[in-house]
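All residue numbers in this chain count up from 1 along the given sequence.
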Amino acid sequence: MNSSPRVRFAPSPTGHLHIGNARTAILNWLFARHSGGTFILRIEDTDLERSTKESEASIFQDLRWLGLDWDEGPDAGGAFGPYRQSERLAIYHQHGQQLIASGHAYYCYCTPAELEARREAALKAGQTPHYDGRCKKLSPEARAAKEQAGIKPGVRFAMPEKNITFKDLAKGEIAFPPEALGDFVILRSDGAPTYNYAAVVDDHLMQITHVIRGDDHVVNTPKQIMIYEAFGWPLPQFCHIPLILGPDRERLSKRHGATSVDEYASKGYLPDALINFLSLLGWSSVSGEEILSRERLIEEFSFERLSNAAAIFDVVKLNWMNGVYIRNMNLDELTAACLPYLQKAGFPDMSGPDHETLEKMVGLVRDGLEYLSQIAEKLEFFFADEVHITDGVAMGMSQTDAAEKVYWSFLRQLDKYDRLTAEVFRQLIKTITKETGVMGRDLWMPIRIALTGQMHGPDLPMVVEIFGKEKCRKFVQRLVE
Ligand code: GLU
């Protein structure tokens, strides 16, 4: 058998790619790329009511956006396909027959209504409801009668009651006491396989060596291990990674903000930053460094560095990290990446001859950017036709008479220059100080407020240069008139 690792990411296409699932995909991918193994994408779409083609397409798109590539999958092909469970029904049925023949599974004719009634009775009696195994004991005659009556059976796995232990790569030894879990359905009466069964059949046939998934699946593992045993198949290595929690230590949900990859993509997070951030949820590098490129993540990945503790999703840290990646971009690259957000916010088109000015603007505000969609609010003041000065900001101009002096002097000086560049503005400031005796903050602040309506903002000489002479004059004049 091939000894290089084969791992899979197996999403159910019932919605967008969740951040937690993306982390699972990333860790699988990192391990595959680190070890020269194979990364497989398998679509678990047997829940026909909840699975949609749109979800599948959006999961593909989000994985591609993250820059994850898979070696085998529905679109990529491979020697172990098909890679969509809905296209593997014959395989599940055939293996179901095998389990029935070996006595590890049996037909069950109980109807949903019967099962529900028994479940309720068990709950009423204070018992944990599970299947009582009655169809296992059906005589051939009784079975024939059910068939005669046209009842379509499901297939149940005969779950042995025994100690089950396995060594988890993230959690160490996990032991399950011989608890009655009940015989569970592996094939529904409509022919659809259930998750635990289909996953095992596929993981075996696809020669998966390591099952890396969220630890919400730990509870499923004993059932899956029993299915492997029933078939006489070797177990893969299991690795259950801790769930991602919100800052309140509750399971990450909508309540905590955006939870799907596409929401982060559309807000303007960078795929490299998200890969970096999600990799560090439950995993750490030997050096303790936080900013790690894909290459370094691949190089350094190891199961030993996986943490056993729940990972907290800290959006403040994500924003910081994304900001670092934004600042590492070339300015022209960053400007191009900002264009769609500006377009969407209704800014004038600056992809043409004004591109250089736009680049200057972006360069001025890039340090404060946490994600790209913020660019619109950061650049808004450059495009405003007039400035609205709130009372709070007006109060920031402590000395109004000094401000007036500054404005008049500024207007007078302005006429002496053809073009107002950052350099000219610095000259001008000196002259204004000479003329008025006002200096420092008392000089800069009124000008900043007149031009931007804000008390804080990017480098004023550069702002002035971008505004240009006429616009500066207009905005200042308005205040003294
Ligand atoms: N379809 C399952 C899920 O999305 C896969 C779990 C597994 O990796 O076994 O949770």
TODO: To the nearest 0.5 angstrom, please state how far the CD atom of E44 sits from the CZ atom of F9.
DONE: 9.5 Å

Open item on the list: Surrounding NE2 of H16 (heavy atoms of other residues, nucleotides or ligands, distance under 6.0 Å), is the total greater than 12?
Closed with: no

Task: pair F381-V463: side-chain heavy atoms closer than 4.5 Å - done: yes

- [ ] Find out whether the Lys NZ or Arg CZ of R143 is both under 6.0 angstrom from the six-membered ring centre of Y109 and within 45° of the ring's axis.
- [x] no

Task: Salt bridge flag under 4.0 Å for residues R251 and D216 - done: yes

TODO: Begin with the C-alpha distance, continue with both residues' side-chain angles, and end with the deciding distance and a verdict on ring-ring contact (aromatic ring centres under 6.0 Å, His included) for H95 and W233.
DONE: CA-CA 12 Å; H95 283 81; W233 291 340; 5.8 Å; yes

Open item on the list: I'd like to know if the side chain of T221 pairs up with that of H240 as donor and acceptor (distance under 3.5 Å, no hydrogens or angles considered).
Closed with: yes

Open item on the list: Between H217 and Y195, is the ring centroid distance below 6.0 Å?
Closed with: yes

Task: Inter-residue atom distance L339.CG - T335.OG1, 0.5 Å rounding - done: 7.5 Å

Open item on the list: Does any part of the side chain of V218, heavy atoms only, come nearer than 4.5 Å to the side chain of K171, both counted from C-beta?
Closed with: yes

Task: CZ (R255) with more than 12 external heavy atoms under 6.0 Å - done: yes

- [ ] Hey, could you give me the CD/CZ distance between E300 and R305, rounded to the nearest 0.5 Å?
- [x] 9.0 Å

Open item on the list: Using 30° and 60° as the class boundaries, would you call the ring planes of W283 and F301 parallel, tilted or perpendicular?
Closed with: parallel

Task: Worked check of side chain to side chain contact (heavy atoms under 4.5 Å, CB included) between L334 and I326 - done: CA-CA 7 Å; L334 174 61; I326 286 179; 3.8 Å; yes

Open item on the list: What verdict does the side chain to side chain donor-acceptor pair (under 3.5 Å) test give for S55 and T52, after you've listed the backbone C-alpha separation in whole Å, the side-chain angles of each residue and the deciding distance to 0.1 Å?
Closed with: CA-CA 5 Å; S55 295; T52 65; 2.8 Å; yes

Task: R33/D71 salt bridge by N-O under 4.0 Å criterion - done: yes

TODO: Hey, could you give me each pair passing salt bridge (Lys or Arg N to Asp or Glu O under 4.0 Å) that has a residue in residues 313-337? Not counting sequence neighbours.
DONE: E290-K317

Open item on the list: Strictly below 4.0 Å, N to O, side chains only: are E114 and R118 in salt-bridge contact?
Closed with: yes

Task: Partner of Q374 by side chain to side chain contact (heavy atoms under 4.5 Å, CB included), out of L379, N319, L369 - done: L369

Open item on the list: As an exercise, state the distance from SG of C108 to CG of L115, rounded to the nearest 0.5 Å.
Closed with: 6.0 Å

Open item on the list: For T38 and V7: C-alpha separation, side-chain torsions, deciding distance, then whether side chain to side chain contact (heavy atoms under 4.5 Å, CB included) applies.
Closed with: CA-CA 6 Å; T38 305; V7 294; over 6 Å; no

Task: Under-4.0 Å salt bridge between E72 and R8 - done: no

Open item on the list: Are W70 and F60, when compared by the centres of their aromatic rings, separated by less than 6.0 Å?
Closed with: yes

- [ ] Please report the closest heavy-atom contact between P74 and R84, naming both atoms and the distance.
- [x] CB-NH2, 3.6 Å

Task: Within 6.0 angstrom of K254 NZ, more than 12 heavy atoms from elsewhere - done: yes

- [ ] Please report the C-alpha distance between F31 and F303 in whole Å, then the side-chain angles of each, then the deciding distance to 0.1 Å, and finally whether the ring-ring contact (aromatic ring centres under 6.0 Å, His included) criterion is met.
- [x] CA-CA 8 Å; F31 173 57; F303 286 115; 4.6 Å; yes

TODO: Drop me the distance from L358's CG to L342's CG, to the nearest 0.5 angstrom.
DONE: 6.0 Å

- [ ] Locate the shortest heavy-atom distance separating C338 from V362; write the atom from each residue and the value.
- [x] SG-CG1, 4.5 Å

- [ ] For the pair Y228 and F238, name the ring-plane relationship: parallel under 30°, tilted 30 to 60°, perpendicular over 60°.
- [x] perpendicular

Task: Shortest non-hydrogen separation from T24 to G214 and the atoms involved - done: OG1-N, 4.1 Å

Open item on the list: To check you understand the geometry: which heavy-atom pair defines the closest contact between T165 and A175, and what is its length?
Closed with: CG2-CB, 3.5 Å

- [ ] For S260 and E263, test the side chains for any donor-to-acceptor distance below 3.5 angstrom and give the result as yes or no.
- [x] yes

TODO: Could you label the plane-to-plane angle of the F313 and F277 rings as parallel, tilted or perpendicular, counting under 30° as parallel and over 60° as perpendicular?
DONE: perpendicular

Task: Trace of the ring-ring contact (aromatic ring centres under 6.0 Å, His included) decision for F231 with H204 - done: CA-CA 10 Å; F231 278 115; H204 173 73; 7.7 Å; no

Task: Intermediate values then yes/no, side chain to side chain contact (heavy atoms under 4.5 Å, CB included), L280 and L292 - done: CA-CA 9 Å; L280 294 185; L292 298 162; 4.1 Å; yes

TODO: Start with the C-alpha distance between S287 and E289, add both sets of side-chain angles, then the distance that settles side chain to side chain donor-acceptor pair (under 3.5 Å), and finish with yes or no.
DONE: CA-CA 5 Å; S287 64; E289 277 170 83; 3.0 Å; yes

Task: Electrostatic pair R366:E359 at N-O distance under 4.0 angstrom - done: no

- [ ] Would you sort out whether S307 and S284 count as a side chain to side chain contact (heavy atoms under 4.5 Å, CB included), showing the intermediate values?
- [x] CA-CA 8 Å; S307 149; S284 58; over 6 Å; no

TODO: Say whether N276 and Y325, considering side chains only, have a donor N or O and an acceptor N or O under 3.5 Å apart.
DONE: yes

Task: Over all atoms of both residues, closest heavy-atom pair of K136 and Y106 - done: N-CE1, 3.4 Å

- [ ] Could you give me the CA-CA distance, side-chain angles and deciding distance for R296 and E299, then say whether salt bridge (Lys or Arg N to Asp or Glu O under 4.0 Å) is met?
- [x] CA-CA 5 Å; R296 281 215 35 213; E299 197 182 306; 5.8 Å; no

Task: Side-chain ion pair, D69 and R64, N-O less than 4.0 Å - done: no

Open item on the list: Check for me whether the distance between the ring centres of F184 and Y197 falls short of 6.0 Å.
Closed with: no

Open item on the list: How about CD on E49, more than 12 heavy atoms from neighbouring residues, nucleotides or ligands closer than 6.0 Å, or not?
Closed with: no

- [ ] Might you work through the side chain to side chain donor-acceptor pair (under 3.5 Å) test for Y83 and D75, ending with a clear yes or no?
- [x] CA-CA 9 Å; Y83 293 90; D75 54 337; over 6 Å; no

- [ ] Could you pull out the closest heavy-atom pair between K267 and Y341, with the gap in Å?
- [x] C-OH, 3.9 Å

Task: Distance-only donor-acceptor check, side chains H256 and D248, under 3.5 Å - done: yes

- [ ] Answer yes or no: is there an ion pair linking R42 with D203, defined by an N-O contact shorter than 4.0 Å?
- [x] yes

TODO: Please test D349 against S351 for side chain to side chain donor-acceptor pair (under 3.5 Å), starting from the C-alpha separation and ending with a verdict.
DONE: CA-CA 6 Å; D349 179 22; S351 55; 2.7 Å; yes

Open item on the list: Just verifying a value: how many Å separate S373 OG and Y269 OH, rounded to the nearest 0.5 Å?
Closed with: 7.5 Å

Task: Note: D190-R188 ion pair, threshold 4.0 Å (strictly below) - done: no

Task: Results of salt bridge (Lys or Arg N to Asp or Glu O under 4.0 Å) for E370 - residues two or more places apart only - done: none

